[in-house]
Amino acid sequence: QVQPVESGGGLVQAGDALRLVCDASGRTFSASALGWFRRPPGKDREFVGAISWDGGSTHYADSVKGRFTISRDNAKKSVYLQIDSLKAEDTAVYYCAAGAGYGVTANKAMESPIFYDYWGQGTQVTVTS
């Protein structure tokens, strides 16, 4: 079982960078794929990106490629979402989620929320222009 907890959100200006952190307790963290999702105001939750159990591969939504980078540190049981060149449309609640993924390369299946078993409460990111 993995319990994700997000942090690092806040009020930032367009063009700034921000790093979100997902700390996840649980014995199976290192065997889990981790995904990031976001819910913009008034919109549905959307996939941002995912990282494989060992950090060896990542998969991103087309809309964030080039600006978003996911990494992980299994020793610290943490996953990171680096967001560069923030835009107003990045304003959202950002969620971290964990799913069974030992031995699995990050792939399109991780775009679906049903891939994940455990979800954090989210952290708010607000970008002002």
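- Residues forming a side chain to side chain contact (heavy atoms under 4.5 Å, CB included) with S25 (at least two apart in sequence, or on another chain): Q3.
- No donor-acceptor distance shorter than 3.5 angstrom exists from the side chain of Q124 to the backbone of G10, with no hydrogens or angles considered.
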Got a list of side-chain donor-acceptor pairs under 3.5 Å for residues 94-101, not counting sequence neighbours?
from	atom 1	to	atom 2	distance (Å)
Y94	OH	R38	NH1	3.0
Y94	OH	D90	O	2.7

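- Hydrophobic clustering (ILVMFWY, side-chain heavy atoms < 4.5 Å, transitive): L18 and L34 are in one cluster.
- Not less than 6.0 angstrom separates the ring centroid of F47 from the ring centroid of Y60.
- Without hydrogens or angle criteria, R67 side chain to S85 main chain gives a donor-acceptor distance under 3.5 Å.
- Counting only N and O atoms by type, the side chains of S78 and D23 include a donor and acceptor under 3.5 Å apart.
- Although no hydrogens or angles enter the test, the distance criterion places a donor-acceptor pair under 3.5 Å between the side chain of N74 and the main chain of W53.
- Between D54 and S52, the side chains place a donor N or O and an acceptor N or O closer than 3.5 Å (distance only, hydrogens not considered).
- No donor-acceptor pair closer than 3.5 Å links the side chain of T123 to the backbone N or O of S7.
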Step by step, would you call M110 with H59 a side-chain contact (heavy atoms from CB on, under 4.5 Å)?
CA-CA 8 Å; M110 296 177 184; H59 178 73; 5.5 Å; no
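- Annotation: W36 is not in aromatic contact with F68 [ring centroid separation under 6.0 Å not met].
- In terms of modelled atom types and a separation under 3.5 Å, the side chain of S129 and the main chain of A88 share no donor-acceptor contact.
- With rounding to the nearest 0.5 Å, the separation of NZ in K87 from CG in D16 is 14.5 Å.
- Between E89 and P40 the shortest side-chain heavy-atom distance does not fall below 4.5 Å.
- Side-chain N or O atoms of T69 include none that pairs as donor or acceptor with a backbone N or O of I83 at under 3.5 Å.
- Residue L11 qualifies as enclosed at atom CG: its count of foreign heavy atoms under 6.0 Å is above 12.
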